[in-house]
Amino acid sequence: MRLRPLVTAAAVTAALVVSPASAAPAGRVLGYVANNGGGVSVIDTATNAVSETISDSGGNSPYMAAVAFDGTRGYVTNTVQNTLTVIDTPTNTVDRSIPVGSHPAGVAVAPGGGFVYVTNYADGTVSVVDTATLTVTATIAVGPNADGVVVTRDGSAVYVTHDTAGPSKVSVIDTTANAVVATINVGSTPTAVAASADGTRVYVVNKGSDTVSAIDVATRTVVGTAAVGFTPHGIALSPNGSRAYVTNSDFDSVSVVDLTAMVELRKIAVGDRPIGVALTPDGASAYVTNFNSDTVSVIDTASDTVTGTIAVGQRPVGIAINFVPPAASNLVAGSAQLQLRLLGFAVRSIDATLTEKHTGAPIAGQTVVFRTVKGNPLCTATTGSSGKATCDANVSLLVGLSTLLQGYTASYAGNDEHGGASSHGYISLL
C-alpha cells in the first residue's frame with residue numbers, strides 16, 4: 001500500500017509490456033473504499049489487494065463513494081469538511097475538493113457524467129455539481145436528513161432518501177427543473193437507494209423497518225416490499241436486475257434478495273457491522289465494507305459464499321467499483337549522436353522520457369523500444385525513477401546514413417495502468 005497525498009504522484013509499479021502491435025490495454029476494475037477514519041483505499045479486483053491509498057488533506061472523513069460511468073473520475077463526500085473530493089481514477093490522484101452543503105452524505109453521478117448530485121444531511125438539500133466546471137450550479141431543498149441518492153437511467157430524475165425515524169418518504173427531483181416534483185411513502189428510516197439497469201425500478205433500503213421497497217419509476221409508487229435482516233444499510237443490484245445484495249449492519253450479514261418475487265433467498269455472514277456493498281461490472285463478485293472490522297468481504301455471487309477478506313482503512317463505509325481505463329501517457333524523445341564505425345554506425349545516447357499526461361509524474365520500470373523511422377531496430381531500454389530510458393545502438397551500413405539522419409522513433413506499448421505512446425527523436429552527426 002502506498003500513500004499518495006493531494007496532487008502529488010508516487011512512483012508507478014512496473015508492469016509487463018505488450019507488443020505495440022497487440023490490442024489496446026484493457027484497463028483495470030478497481031474498487032474505491034471510503035474510510036470514515038480517513039483516506040480512500042483502492043482495491044485491485046484482479047488481485048483483491050489494496051494497491052494504494054488516496055489521501056486528501058482537505059477531506060479526512062469520507063463517507064460515500066461513487067465513480068463516473070466512464071471510469072475516469074471518482075467522487076467522495078467528506079462529512080466533516082463539507083466537501084466533495086474529485087479523484088482522477090486512471091492516476092488515482094486528487095484533482096479538487098469542492099465545497100458543498102453541511103454534512104454531505106450520498107453522491108450519485110448522472111448518466112454520461114455531466115452532473116453529480118450530493119445529499120447534504122444536515123441542510124436537507126442536494127448540491128448539483130457541474131462536472132465540466134467542478135462547481136455547484138444549484139442547491140435543491142428536499143427535506144430533513146437527506147441521505148441516499150441515485151439517478152435514473154435516463155437521467156431525468158433523482159431519488160433521495162430521508163434518514164428519519166417512522167414512516168418516511170423518498171423525494172423525487174426533476175433534473176431539468178432541479179426541483180422536487182414528487183414524494184413517495186416508503187418504510188421507516190430509509191437510507192441507501194439503487195436504480196435498476198433497465199430504468200424501470202428504484203429500490204430503497206429501510207433500516208428502521210428491516211425491509212427493501214421496490215418503486216415503479218413510471219408510476220412512482222411502491223410495488224413490492226422484501227423483508228431482510230436487522231438494520232439494513234447498503235444495497236447493490238446484479239447487472240441483470242434479478243438480485244439485490246443488502247447489508248444488515250446489526251446482523252453482520254448480507255441478504256440476497258430475489259427482485260422478481262421480492263423475497264429474501266439467503267443470508268451470507270460477513271464482517272462486523274457491514275455498511276456498503278458494490279458489485280463488479282460482470283456481477284461475479286460483491287464487495288462489502290465492514291465498519292467495525294476495518295475490512296472488505298469478497299462474495300462470490302455464483303455460490304453466495306465469502307471467498308476473501310481485504311484489510312482496508314479505519315471504519316470503511318462507502319464503496320464503488322468500476323472499470324478504469326489506463327492513464328494517458330506522454331513520451332518525449334530526445335536527441336542522439338551518430339558516429340561512423342568501420343563497418344557501420346554507432347548511435348549514442350538515444351533517449352526518451354515517459355510521464356503521466358495528467359499529473360506529469362514519471363513512469364518508472366517500463367520498456368521503451370527505439371527504431372529508425374523506417375522501422376529498423378535500434379535498442380530497447382527501461383525507464384528509471386525519472387521516467388527516462390537511454391541506450392546506445394550499433395547499426396549496420398545497410399541501414400544507410402540518410403535513414404539515420406531522419407531521426408528515430410521511441411514507442412511505449414502501454415499496460416493496464418498506462419496507455420501507449422510514441423515520439424520522434426533526432427540524430428545528429430558528431
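- With hydrogens and angles left out, the side-chain atoms of N35 and Q314 include no donor and acceptor closer than 3.5 Å.
- T79 and P104 get closest at one heavy-atom pair: CG2-O, 3.1 Å.
- Side-chain N or O atoms of N78 include none that pairs as donor or acceptor with a backbone N or O of V80 at under 3.5 Å.
- Proximity of a side-chain donor or acceptor of T355 to a complementary backbone N or O of P362 within less than 3.5 Å is not detected.
- Of the possible donor and acceptor atoms, none in the side chain of S329 sits under 3.5 Å from a partner among the backbone N and O of G420.
- Taken to the nearest 0.5 Å, the OG1 atom of T93 stands 4.5 Å off from the CG atom of D88.
- Applying the side-chain hydrogen bond (donor to acceptor under 3.5 Å, both in side chains) criterion to T301, with sequence neighbours excluded, gives no partner residue.
- Between A410 and V368, the shortest heavy-atom contact is CB-CG1, 4.0 Å.
- Judged by distance alone, with hydrogens and angles left aside, the side-chain atoms of N248 form no donor-acceptor pair with the main-chain N or O of D250 at under 3.5 Å.
- Taking the six-membered ring for Trp and thresholds of 30 and 60 degrees, H424 and Y426 have ring planes more than 60 degrees apart, a perpendicular arrangement.
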Q: Please report the C-alpha distance between D130 and T135 in whole Å, then the side-chain angles of each, then the deciding distance to 0.1 Å, and finally whether the side-chain hydrogen bond (donor to acceptor under 3.5 Å, both in side chains) criterion is met.
A: CA-CA 6 Å; D130 185 325; T135 57; 5.9 Å; no

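- In terms of modelled atom types and a separation under 3.5 Å, the side chain of S168 and the main chain of H162 share a donor-acceptor contact.
- Remark: side-chain polar atoms of T131 are paired, donor with acceptor, to backbone N or O of G114 under 3.5 angstrom.
- Among residue pairs with one or both ends in residues 267-316, none qualify as ring pair (Phe, Tyr, Trp, His ring centres under 6.0 Å); sequence neighbours excluded.
- A donor-acceptor pair under 3.5 Å is formed between the side chain of N145 and the backbone N or O of D163.
- With respect to V100, the side-chain contact (heavy atoms from CB on, under 4.5 Å) criterion is satisfied by exactly one of V116, T139, N120: N120.
- Under the 3.5 Å distance criterion, with hydrogens and angles disregarded, a donor-acceptor pair is assigned to the side chains of N185 and K169.
- In this structure a side-chain-to-backbone donor-acceptor pair under 3.5 Å is present from S249 to T231.
- For the residue pair G101 and S127, the shortest heavy atom distance occurs at N-OG, 3.7 Å.
- For K388, there are no salt bridge (charged side-chain N to carboxylate O under 4.0 Å, His left out) partners at least two apart in sequence or on another chain.
- The shortest heavy-atom contact between T372 and T409 is O-OG1, 4.3 Å.
- By the side-chain hydrogen bond (donor to acceptor under 3.5 Å, both in side chains) test, T183 is found to be paired with no residue, residues two or more places apart in sequence or in another chain being considered.
- Considering only residues two or more places apart in sequence or on other chains, T45 meets the side-chain hydrogen bond (donor to acceptor under 3.5 Å, both in side chains) condition with none of them.
- Between the side chains of N206 and T211, a donor-acceptor pair is found at a separation under 3.5 Å.
- Here NZ of K207 is found 6.5 Å from CG of D147. Values are rounded to the nearest 0.5 Å.
- In this structure a side-chain-to-backbone donor-acceptor pair under 3.5 Å is present from N415 to H418.
- Each ring pair (Phe, Tyr, Trp, His ring centres under 6.0 Å) pair with one or both residues in residues 352-386, not counting sequence neighbours, appears once here: F370-Y408.
- To the nearest 0.5 angstrom, I43 atom CD1 is 12.0 Å from E52 atom CD.
- Judged as a side-chain hydrogen bond (donor to acceptor under 3.5 Å, both in side chains), and not counting sequence neighbours, the contacts of T152 are D154.
- Using modelled atom types, one finds no donor on one side chain facing an acceptor on the other under 3.5 Å when comparing Y32 with N322.
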Q) When you look at L354 and N330, which way does the side-chain contact (heavy atoms from CB on, under 4.5 Å) test go after all the steps? A) CA-CA 6 Å; L354 183 66; N330 191 37; over 6 Å; no

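- In this structure, the salt bridge (charged side-chain N to carboxylate O under 4.0 Å, His left out) partners of D216, at least two apart in sequence or on a different chain, are R201.
- For the atom pair OG1 (T353) and CD1 (I363), the distance works out to 11.0 Å, reported to the nearest 0.5 Å.
- Applying the ring pair (Phe, Tyr, Trp, His ring centres under 6.0 Å) rule to pairs touching residues 71-99 yields nothing, sequence neighbours excluded.
- Within the 4.5 Å cutoff, the side chain of R153 has no heavy atoms near those of the P111 side chain.
- In the model, T305 has no side-chain atom that pairs as donor or acceptor with a side-chain atom of D300 under 3.5 Å.
- The two residues T219 and T221 make their nearest non-hydrogen contact at OG1-OG1, 2.7 Å.
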For residues 263-275, please give each side-chain donor-acceptor pair under 3.5 Å, one per line with the distance, not counting sequence neighbours.
from, atom 1, to, atom 2, distance (Å)
E264, OE1, K267, NZ, 2.9
E264, OE2, S255, OG, 2.5
E264, OE2, K267, NZ, 3.1
R266, NH1, D304, OD2, 2.6

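- Evaluation of the salt bridge (charged side-chain N to carboxylate O under 4.0 Å, His left out) rule for R315 yields no partner, not counting sequence neighbours.
- For A381 against T390, the heavy-atom pair with the smallest separation is CB-O, 3.5 Å.
- Taken from CD1 in I310 to CG in D294, the straight-line distance is 13.5 Å, to the nearest 0.5 Å.
- For residues 235-260, every residue pair satisfying the ring pair (Phe, Tyr, Trp, His ring centres under 6.0 Å) rule, not counting sequence neighbours, is listed here: F230-F251.
- Using a distance-only test at 3.5 Å, with no hydrogens or angles considered, a donor-acceptor pair links the side chain of D174 to the main chain of A177.
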Q) Please walk me through it: do V128 and I140 pass side-chain contact (heavy atoms from CB on, under 4.5 Å)? A) CA-CA 8 Å; V128 182; I140 307 165; 3.7 Å; yes

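- For the atom pair CD1 (I319) and OG1 (T289), the distance works out to 6.5 Å, reported to the nearest 0.5 Å.
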